[in-house]
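Worksheet: one structure, shown below.
Predicted model only: the values in this text are computed from it and were never measured. Within every chain, numbering begins at 1; the chains are lettered A, B, ... in the order of the sequence lines, protein sequences first and strands thereafter.
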Amino acid sequence: MRPVCANPGPGCRVRTSVKIATFNINGINRRLPNLLAWLQAAKPDVACLQELKAAHADFPRDAIREAGYEAVWQGERSWNGVAILARGREPVPTRRSLPGGPHDDQARYLEAAVDGVLIACLYLPNGNPQPGPKFDYKLAWFERLIIHAAELHATGLPVVLAGDYNVVPTDADIYPSKSWGRNALLQPVVREAFARLLAQGWTDALRTIHPAGPLPSFWDYMRDGFSRDAGLRLDHILLSPDLAGRLTDAGVDRSVRGEQNASDHAPAWASVSNKRARNGRPLAPFPDHDQH
DNA sequence: ATGACCGCTGGAAGCGGA
């Protein structure tokens, strides 16, 4: 078993590269074999999970620990639920809900520090049907996220905003289809909110590495969406400026969607270097690597 | 091309998801 540590130090090596993934697991206990197989194959350093669909006490901590990951999670019976897994590290939780919603008890936001990087794991509301109260909740949640993201950005810390945004950002992020036109995932007001978030200074890691093409991370169970490759890009990894300069690679593990008993989402991931940026310039180490 | 699928709860059928 690897050593577990909150901060790199003696017995806990500084990593030269960090791979951060987000995966809407659609029922963590139903999907546990798929999750463990993906962790073993993909070996993300950090994995943000959404849609645990499990009460807090039903999180499979032992199996995940056996796979080499420590975790923090926010469970909820039946619906929602988010988790942050870190390979050989103890994530240090900093927030268990999104500010600004004192009566919002849906488990959709979790924040933790891992190796000096602040990881925000989010599950933005679906919002269907629209218009309606669920769509209003989605928009209000988005505004709370935008406010909080601005505060995170202003800290100057390395920050990752990863999760299922339930937003198809542009028409390039969906297969040619007219059937989604009224869906909450594509509404102009939702896309405008996503654009406003990006405009704070966040970098869309997947789109930066793959500037063209649909880059889907979700294929509907209905009408056999995966075999038709009728997919939507819903899962996004946004990087603060410091991390964006270190971005080396990103992608979607789409083969995971083709497994037996698969989630309707595939994992999306981004790698950031601790050595050099994409332009080859040397970089300072992550902030807390000099501590201890 | 959205009704069709899937998971959860509870122990049937309804809700929520996207």
Side-chain angles (χ1 to χ4, degrees), chain A residues 22-36 38 48-60 73-83 104-109 121-142 145 162-191 193-194 206 214-236 252 254 256-268:
Chain A
T22 180
F23 187 11
N24 181 318
I25 195 71
N26 189 18
I28 191 167
N29 288 305
R30 182 87 176 85
R31 211 76 60 204
L32 190 55
N34 306 62
L35 173 63
L36 298 176
W38 170 69
C48 297
L49 305 180
Q50 303 85 33
E51 281 212 89
L52 305 180
K53 292 187 174 178
H56 200 75
D58 294 334
F59 185 84
W73 67 96
Q74 192 66 27
E76 179 184 336
R77 184 181 176 269
S78 306
W79 313 119
N80 309 315
V82 283
D104 183 359
D105 56 1
Q106 298 190 19
R108 295 183 175 274
Y109 188 88
C121 174
L122 62 102
Y123 176 43
L124 213 135
N126 173 306
N128 281 303
Q130 75 82 30
K134 293 189 176 182
F135 192 65
D136 295 341
Y137 174 63
K138 176 178 196 160
L139 296 180
W141 205 96
F142 219 144
L145 177 64
D164 178 358
Y165 281 72
N166 271 316
V167 178
V168 177
T170 72
D171 287 343
D173 298 307
I174 184 170
Y175 63 100
S177 164
K178 290 186 165 68
S179 58
W180 294 89
R182 288 190 180 80
N183 196 286
L185 310 176
L186 284 77
Q187 292 313 299
V189 65
V190 174
R191 290 179 163 180
F194 188 73
L206 278 291
L215 204 59
S217 59
F218 164 86
W219 296 262
D220 206 321
Y221 288 126
M222 284 192 279
R223 298 201 319 276
D224 207 10
F226 188 60
S227 353
R228 296 185 297 124
D229 197 17
L232 287 64
R233 188 167 86 97
L234 302 180
D235 301 278
H236 309 301
V252 174
R254 63 185 292 150
V256 170
R257 180 61 180 83
E259 292 172 356
Q260 265 203 325
N261 200 37
S263 167
D264 42 5
H265 292 250

Rounded to the Å, how far apart are F135(A) CZ and dG17(B) P?
14 Å
Which is true for R223(A) with a 4.0 Å heavy-atom rule: it touches a base, it touches only sugar-phosphate, or it touches nothing?
base
Applying a 4.0 Å non-hydrogen cut-off, can you work out what Y165(A) is touching in the nucleic acid: base, sugar-phosphate, or nothing?
nothing
Which part of the nucleic acid, if any, lies within contact of D235(A), taking any heavy atom under 4.0 Å across all strands shown: a base, the sugar-phosphate backbone alone, or nothing?
nothing
Can you check the E76(A) CD to dG7(B) C1' distance for me, whole Å?
14 Å
Rounding to a whole Å, what distance do you find between H265(A):NE2 and dC5(B):P?
18 Å
Closest nucleotide among dG7(B), dA4(B), dG17(B) to the E51(A) side chain:
dG17(B)
Nearest 0.5 angstrom please: N34(A) CG to E259(A) CD, how far?
5.0 Å
Applying a 4.0 Å non-hydrogen cut-off, can you work out what N166(A) is touching in the nucleic acid: base, sugar-phosphate, or nothing?
sugar-phosphate
Across all chains, not counting sequence neighbours, the ring pair (Phe, Tyr, Trp, His ring centres under 6.0 Å) partners of W219(A) are F226(A)
Whole-Å gap separating P (dG7(B)) and CG (N29(A)):
13 Å
Among all residues two or more places apart in sequence or in another chain, which pass the side chain to side chain donor-acceptor pair (under 3.5 Å) test with N26(A)?
K53(A), Y221(A)
To the nearest angstrom, the CZ-P distance between F226(A) and dC6(B) comes to 14 Å
May I ask you to say what R31(A) touches in the nucleic acid, namely base, sugar-phosphate or nothing, with a heavy-atom cut-off under 4.0 Å?
sugar-phosphate
Are any of the side-chain nitrogens in R228(A) or D220(A) under 4.0 Å away from the carboxylate oxygens of its partner?
no
If each of L234(A) and W180(A) is mapped to the nucleotide of DNA chain B with the nearest heavy atom, which maps nearer the 5' terminus, i.e. the 5' end?
W180(A)
The complete set of salt bridge (charged side-chain N to carboxylate O under 4.0 Å, His left out) pairs with one or both residues in residues 172-188 of chain A, sequence neighbours excluded, reads D173(A)-R207(A), D173(A)-R233(A)
Roughly how many Å is it from CH2 in W141(A) to P in dG17(B), rounded to a whole number?
13 Å
Would you classify D58(A) as touching base, sugar-phosphate or nothing, given that sugar-phosphate means primed atoms plus P, OP1 and OP2, and contacts are heavy atoms under 4.0 Å?
nothing
Measuring only the C1' atom in each nucleotide, how far is dC15(B) from dA1(B)? A whole number of Å is fine.
23 Å
When you match P129(A) and K178(A) each to their closest nucleotide on DNA chain B, which lands nearer the 5' end?
K178(A)
Let me know the distance between CD of Q260(A) and P of dC6(B), rounded to the nearest Å.
12 Å
Salt bridge (charged side-chain N to carboxylate O under 4.0 Å, His left out) with D104(A): which residues, sequence neighbours excluded?
R144(A)
Reading nucleotides 10-16 of chain B 5' to 3', which nucleotides get B (base under 4.0 Å from a protein heavy atom), which S (sugar-phosphate only), which -?
S----BS
For dG10(B) and dG16(B), measure between their P atoms and round to the nearest Å.
15 Å
Considering every strand and a 4.0 Å limit on heavy-atom distances, what is the contact class for N261(A): base, sugar-phosphate, or nothing?
sugar-phosphate
Residues which pass side chain to side chain donor-acceptor pair (under 3.5 Å) with S263(A), listed by chain and number, not counting sequence neighbours
none
Could you state the atom-to-atom distance from CG of L52(A) to C1' of dG7(B) in whole Å?
13 Å
Of all the nucleotides listed (dA4(B), dA1(B), dG7(B)), which has the minimum atom distance to the side chain of M222(A)?
dA4(B)
Separation of the C1' atoms in dG11(B) and dG7(B), to the nearest angstrom:
15 Å
Do side-chain atoms of K138(A) reach the backbone of V190(A) as a donor and acceptor pair under 3.5 angstrom?
no
